[in-house]
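Everything on this sheet refers to the single structure shown next.
Below, read A as the first sequence line, B as the second, and so on, with proteins coming before strands; counting in each chain starts at 1.
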Amino acid sequence: MPAVPTVEATMLGKLDWSAIPLDQPIPLAAGGVVLLVILGVLAWVVVKGHLPYLWHEWITSVDHKRIGVMYILLASVMLLRGGSDAIMMRIQQAIAYQSQGYLPPEHYNQIFSAHGTIMIFFVAMPFVIGLMNLVVPLQLGVRDVAFPTLNSVGFWLTATGALLVNLSLVIGEFARTGWLAFPPLSELSYSPGVGVDYYAWSLQISGVGTLVAGINLVTTVLKLRTKGMNYLRMPMFCWTTLASNLLIVAAFPILTATLAMLLLDRYLGFHFFTNEAGGNVMMFMNLIWAWGHPEVYILVLPAFGVYSEVVSTFSSKPLFGYRSMVLATMAICIISFMVWLHHFFTMGAGPDVNAIFGIASMIIAVPTGVKIYNWLFTMYGGRIRFATPMLWSVGFMVTFIIGGLTGVLVAVPPADFMLHNSMFLVAHFHNVIIGGVLFAAFAGFEYWFPKAFGFRLDERWGKVGFWFTFVGFWVTFMPLYIAGMLGMTRRMQHYDVAEWRPWMLVAAFGMLLLTIGVLAQVTQIVVSIRNREALRDRTGDPWDGRSLEWATSSPPPVFNFAFDPDVRGEDAYWALKHHAKQQQLEDHSGPEYQDIEMPKNSPTGFVCAFFATVMGFALIWHIWWMVILGGVGAFATFVVFAWRDHDEYVIPAAEVERIDRINIEERRNLVSLAGTL
Amino acid sequence: MNLLDPQGPVAAANSTILVDSVFIMLAIVVPTIFAILAFAFWFRASNTKARYRPDFVYSGRVEMVVWAIPALTVILLGGVAWIGSHQLDPAAPVPGTGSPVRIQAVSLDWKWLFIYPDQRIATVNSLTVPAGAELNIQLTSSSVMNVFFIPQLGSMIYTMNGMVTKLNLRADNQGKLQGLSAHFSGDGFPDMMFDVNVVSPLAFPDWVTTTAKTDAVLNEDSYKKLMQQGIEKGRPTYRLEDPRLFDLIATQHIPPGPGPELVSDAGRPHSGGHDAR
Amino acid sequence: MTMTATLGHAHADPHHIGRATEHPGPAPKRIVTAYGFWVFLLSDIVMFSCFFAAYAVLVDQTAGGPKGSEIFEQRNVAIETVCLLLSSFTCGMAGIAADVRNRLWFYLAMAVTCVLGLIFLAIEFKEFADLVARGYGPSRSAFLTAFFSLVGCHGLHVSAGVLWLLTMMAQVFAKGFRADVLRRMMCFALFWHALDIIWVGVFSVVYLLGGGA
């Protein structure tokens with residue numbers, strides 16, 4: 001702050017009218033459209049009188065299913081934003097041959113930084129965390145996660161991060177440094193604008209949310225399992241959830257510390273990563289990748305879990321080599337912390353270090369390969385139904401194996417000496433993240449959608465969406481592999497090399513196919529909502545499922561299960577169905593229903609996130625009074641929450657019985673129907 | 001700039017390892033993809049000829065094989081990685097004919113400065129080297145990180161302020177190649193491509209003599225002007241006043257390059273790079 | 001019996017793993033809360049380890065500024081350490097007092113813990129203020145950057161702890177020894193002890209190793 005701060009500087013910090021990019025039509029228009037859409041939706045909600053419903057049933061909800069759905073909704077909306085960035089980049093690189101294209105560098109550089117940040121932190125992360133939230137308590141046969149209110153806090157803090165990133169469209173700018181903001185470029189001397197601050201504070205805030213979600217899910221899996229749900233009876237998705245969240249707990253604090261150091265450099269003149277006074281940029285590289293590499297597995301392990309569930313269900317077989325899969329999952333979990341240096345082989349670390357990290361990186365491919373083979377043998381001898389989730393899974397196996405190949409290739413240091421930071425690398429990580437994580441997100445979405453909402457998604461549009469996305473992916477990213485082999489490096493705003501041009505054009509065409517794929521999926525959702533009565537899932541078990549989430553109705557009652565399920569083996573629900581068929585239906589007389597206590601709704605998460613937003617915005621713009629306001633508000637929120645006298649409410653036994661009877665009737669019909677077949 | 005069209009021994013070795021590794025893995029990957037598609041097709045629910053085996057959930061033999069296949073592949077590739085990392089260490093010597101040429105490369109915002117300390121000359125965005133000679137390259141950065149990379153000569157390496165990295169290369173065939181920065185460094189980053197002229201060992205001294213005749217002098221003052229943010233479209237050449245200039249840069253006796261000039265203290269300063277263009 | 005409560009045996013054990021000990025079901029709330037808080041503490045320790053790592057990397061980068069041995073005052077550090085260790089003891093006493101529902105001893109032990117924590121913070125603050133006044137602030141060199149952030153990060157945790165401690169006392173005053181208050185008290189005690197352990201690390205790595213050189 002200046003020595004004698006003016007009133008404006010005290011009240012508004014760095015913020016003034018020049019922060020609104022009136023001279024840049026593209027972000028302004030984009031921001032304007034988003035703003036209009038948000039206002040429109042808000043107006044519709046208020047006018048139609050949906051606000052009380054939203055507030056009581058969703059915003060303040062601590063129900064893990066609702067929170068899971070909101071996570072996925074956030075991820076889907078952000079997917080559209082990150083996807084728009086991708087379209088703009090592909091068009092720029094297609095036309096910026098021997099010209100400046102249509103995006104000047106300061107804008108293009110923001111776009112690729114925002115694209116990476118959004119896709120990882122606000123699409124992939126919330127999507128997998130949303131699926132885990134939705135499904136894991138159901139699969140474990142329990143009523144909620146370990147800390148329901150904290151769960152809501154975690155979600156809303158993630159949403160705060162996403163909000164701040166998108167705010168940078170219209171107020172100020174986003175980072176122009178790439179999605180990991182390497183210093184010294186991200187230091188104050190080379191990036192004096194607020195872009196890096198937007199980046200760092202949104203990630204700090206959403207990072208707290210992710211850490212909370214991680215602690216919550218680790219505790220849930222380890223401490224809240226229903227009777228008889230031994231570790232080696234958990235569905236594969238629960239195992240991968242455990243591994244992924246252990247990684248979150250161990251890795252996200254590293255990100256928090258690293259970004260804190262960067263922020264201290266920028267705000268208080270510290271010298272962690274500066275060129276001056278002995279700062280060390282290589283320390284940033286090591287720290288950020290010590291988080292960054294496990295992060296890859298945080299995303300892909302739950303994806304593997306989804307495929308395990310889907311492949312086994314649609315092959316009508318238990319997962320092949322279950323214990324082997326558990327071993328592989330935990331092996332990946334541990335080894336993922338020992339490979340971070342492969343992100344900078346070309347920094348000159350020396351041959352021994354490079355070789356050791358290269359080999360460690362290859363070793364991680366062994367358990368991953370084992371997983372592929374186990375899915376393969378799950379299909380062997382199965383009766384495979386090609387519903388949309390299964391298409392995504394088979395598409396994944398074929399695609400991911402190529403991503404694995406190129407991944408092991410860049411783990412060979414001498415090969416990486418030529419491929420580091422190239423378009424080949426860009427193609428590789430999109431190959432594993434789209435082919436691995438995004439396909440899983442879509443598969444999981446289609447697979448568990450009926451569970452969450454009580455009706456299935458339209459199969460025809462789903463398949464259209466799959467084929468366009470699948471083909472679109474190959475047409476977009478195979479050319480990038482080739483461009484990388486032609487020496488093209490990433491993040492080029494323009495270029496003069498003729499041999500790269502055709503491949504950029506092909507990639508842009510592929511992007512068109514991908515866009516159609518996404519639009520088809522949007523259409524799928526609209527069509528399905530319209531036809532929801534025809535697509536209704538009355539039994540709670542639309543896919544002939546194997547794990548406990550299918551043992552309750554769709555959507556499940558707020559308490560999930562009227563009785564704690566008693567598990568006696570793997571594939572708990574499958575075994576149950578077979579037993580019921582053999583016994584020609586159980587006698588259902590006389591179950592003694594009991595009162596169920598459930599956690600009360602709480603606005604804590606939302607209010608806390610409101611103050612976090614205020615505080616984050618104030619920190620970005622150096623508005624110190626507002627920072628204090630936000631901090632005090634957040635603390636007060638927690639104290640108020642801690643002061644509550646009743647945090648649970650009781651659902652009377654009669655009500656439980658009424659709800660459960662409906663489900664039992666539907667299910668009885670299902671079983672007797674199956675018995676006649 | 002085709003990586004598979006190497007013009008020197010380092011690039012040739014790099015790309016050989018690259019291609020070999022791909023083929024080693026394809027030997028596993030292709031049959032696996034085929035098996036995935038075949039199993040998925042044959043065991044489709046509508047195929048009545050396929051035998052349904054819901055109890056086929058574990059087989060020690062299959063497990064043995066599926067752990068062994070990737071493990072063996074990785075052992076093989078691990079060997080390739082270990083040997084390759086040592087033989088192709090960027091700092092390892094690359095013997096050539098004639099005496100080695102010492103080159104000191106500095107990445108500036110946003111151009112490359114090449115200093116020839118023994119020849120007392122320097123060039124910007126244009127690197128001229130004799131064919132067949134070993135090139136001992138020392139690298140540093142005036143400001144942010146960059147990566148020095150000539151795709152057809154192989155092995156890239158980072159440049160960092162206050163640090164010196166080493167890279168040895170050799171160009172075998174005369175001709176024009178292109179180099180670039182392979183690490184994003186700011187708004188002018190795409191214009192950091194540079195020419196590489198590989199000339200005959202006989203022509204090289206002539207080129208040095210011609211270049212040394214230039215009026216422009218590179219000393220601390222002109223270097224400080226050069227390191228301002230901006231793009232260099234031409235190919236300036238300099239006489240080098242003090243052969244220790246590189247050491248002064250690398251040891252930070254000359255302070256790191258300045259960032260963008262601040263026009264206002266609002267959130268969106270106009271960067272020098274944007275204006276310079 | 002209902003369907004969800006019954007299971008067949010035919011397909012229950014497809015891998016023939018055999019009968020392991022049956023999992024008894026969800027753990028009680030007290031265990032779950034403490035377990036979750038342990039996991040949080042572990043993640044906090046990971047964060048501290050980053051600052052320790054940064055300190056180890058930057059400790060020799062004094063950039064012409066002072067070395068550790070020139071600025072550390074062992075006497076102050078000794079007093080700080082004694083305060084913090086004693087406060088851990090009194091915090092333990094407060095925990096016992098809460099378990100036996102003894103308000104007087106609870107308030108007394110918590111108050112002493114608070115005072116000891118505040119003395120610790122005061123000494124640390126004075127150390128920092130003196131260094132800044134002598135021109136040895138965190139901007140002076142990378143070593144001082146790392147020193148201030150590592151020690152300061154611990155200091156921030158202690159400050160948060162004091163705030164939490166006061167909130168706990170207010171909660172017991174307002175709500176008594178309710179089950180949820182006791183759970184929070186247990187978490188607070190875990191937090192306070194963890195800070196002690198981290199201080200032992202700070203003390204050894206920063207002041208003992210750095211002071212001698």
Side-chain angles (χ1 to χ4, degrees), chain A residues 14 16 18-19 105-106 172-173 178 184-185 189-190 192-194 275 281 317-318 320-321 324 346-348 351 354-355 358-359 362-363 365-366 369-370 373 376-377 379-385 394 397-398 401 405 409 412-415 417-418 420-421 485-487 489 491-495, chain B residues 1-3 14 17-18 21-22 25 29 32-33 35-36 39-40 43-45 52-54 56-58 62-63 66-67 70-71 74 77-78 80-82 84-86 88-90 144 147 151 155-158 160-162 165 180 182-184 186-187 190 256 259 262 265-269 274:
Chain A
K14 294 163 82 176
D16 64 27
S18 73
E106 65 271 17
E173 58 165 8
L185 182 61
S189 12
Y190 300 107
V194 292
N275 282 339
V281 292
K317 266 185 67 184
F320 184 85
S324 194
T346 56
M347 207 167 237
N354 279 354
I359 291 169
M362 291 175 193
I363 288 174
V366 175
V370 168
Y373 286 116
L376 182 69
F377 282 100
M379 294 199 296
Y380 181 87
R383 258 186 209 152
I384 305 172
R385 289 160 283 150
V394 176
M397 283 193 246
V398 174
I401 206 165
L405 185 156
L409 183 63
V412 181
F417 289 164
M418 297 189 103
H420 175 77
N421 263 355
M485 291 303 290
L486 296 175
T489 197
R491 297 172 174 168
M492 299 284 264
Q493 180 257 345
H494 66 95
Y495 55 92
Chain B
M1 298 175 80
N2 191 340
L3 298 186
N14 281 341
I17 286 180
L18 197 158
S21 307
V22 170
M25 284 185 282
V29 163
T32 308
I33 292 182
I36 291 168
F39 285 14
F43 290 103
R44 67 192 186 277
Y52 181 43
R53 300 179 61 190
F56 181 64
V57 293
Y58 176 79
V62 171
E63 288 298 323
V66 301
W67 279 89
V74 162
L77 281 174
V80 172
W82 182 266
S85 299
H86 285 80
L88 290 167
D89 179 36
V144 303
V147 166
S155 286
M156 58 176 89
I157 196 141
Y158 271 90
M160 289 168 283
N161 184 258
T165 41
L180 45 77
H183 186 90
F184 179 71
D187 288 350
L262 283 183
D265 63 349
R268 297 166 43 245
H274 179 40

Practice problem: First locate atom CG of B/Leu3, then atom CE of A/Met418, and finally report the distance between them rounded to the nearest 0.5 Å. | Solution: 4.5 Å

Self-check item: Pair A/Tyr373-B/Thr32, side-chain donor/acceptor within less than 3.5 Å
Solution: yes

Exercise. Below 4.5 Å from any heavy atom of chain A, which atoms of B/Leu180 appear? Answer side chain, backbone, both or neither.
Key: side chain

Self-check item: Heavy-atom proximity to chain A below 4.5 Å, by part of B/Ser155
Solution: both

Self-check item: Option in B/Arg44, B/Met156, B/Glu63, B/Met25 with maximal non-hydrogen atom pairs under 4.5 Å from chain A
Solution: B/Met156

Self-check item: For A/Lys317 against B/Phe56, the heavy-atom pair lying closest together
Solution: NZ-O, 3.0 Å

Quiz item: Top residue by heavy-atom pair count (under 4.5 Å) with chain B, among A/Val281, A/Leu405, A/Val394?
Solution: A/Leu405

Quiz item: For chain A, which of B/Leu88, B/Ile36, B/Thr165 has the most heavy-atom pairs under 4.5 Å?
Solution: B/Ile36

Quiz item: When only pairs under 4.5 Å are counted, which of B/Val147, B/Val29, B/Val80 shares the most heavy-atom pairs with chain A?
Solution: B/Val29

Practice problem: Could you have a look at A/Met492, A/Arg385, A/His420 and say which one has the most heavy-atom pairs with chain B under 4.5 angstrom? | Solution: A/His420

Quiz item: A/Val412 and B/Ala81: which non-hydrogen atoms are nearest, and at how many Å?
Solution: CG1-CA, 4.1 Å

Self-check item: Which portion of A/Phe377 sits near chain B, non-hydrogen atoms under 4.5 angstrom
Solution: both

Exercise. Just say parallel, tilted or perpendicular for the rings of B/Phe39 and A/Tyr380, cut-offs at 30° and 60°.
Key: tilted

Practice problem: Go through A/Pro184, A/Pro414, A/Ser189 and name the one with the most non-hydrogen pairs under 4.5 angstrom from chain B. | Solution: A/Pro414

Quiz item: So which of A/Gly178, A/Gly369, A/Ala355 has the largest heavy-atom pair count under 4.5 angstrom toward chain B?
Solution: A/Ala355

Quiz prompt | Top contributor to chain B interface from A/Ala365, A/Gly487, A/Ala415 [non-hydrogen pairs under 4.5 Å] | solution = A/Gly487

Quiz prompt | Winner by heavy-atom pair count (cut-off under 4.5 Å) against chain B, out of A/Val370, A/Ile363, A/Asn354 | solution = A/Val370

Self-check item: Max heavy-atom pair count under 4.5 Å with chain A, selected residue of B/Ser21, B/Pro90, B/Pro256
Solution: B/Pro256

Self-check item: side-chain contact (heavy atoms from CB on, under 4.5 Å) between B/Phe43 and A/Met379, worked out
Solution: CA-CA 7 Å; B/Phe43 290 103; A/Met379 294 199 296; 5.7 Å; no

Self-check item: Heavy-atom pair count under 4.5 Å with chain A, highest-scoring of B/Pro151, B/Gly186, B/Ala182, B/Ala35
Solution: B/Ala182

Quiz item: Between A/Thr346 and B/His183, does a side-chain contact (heavy atoms from CB on, under 4.5 Å) hold up when you go through it step by step?
Solution: CA-CA 11 Å; A/Thr346 56; B/His183 186 90; over 6 Å; no

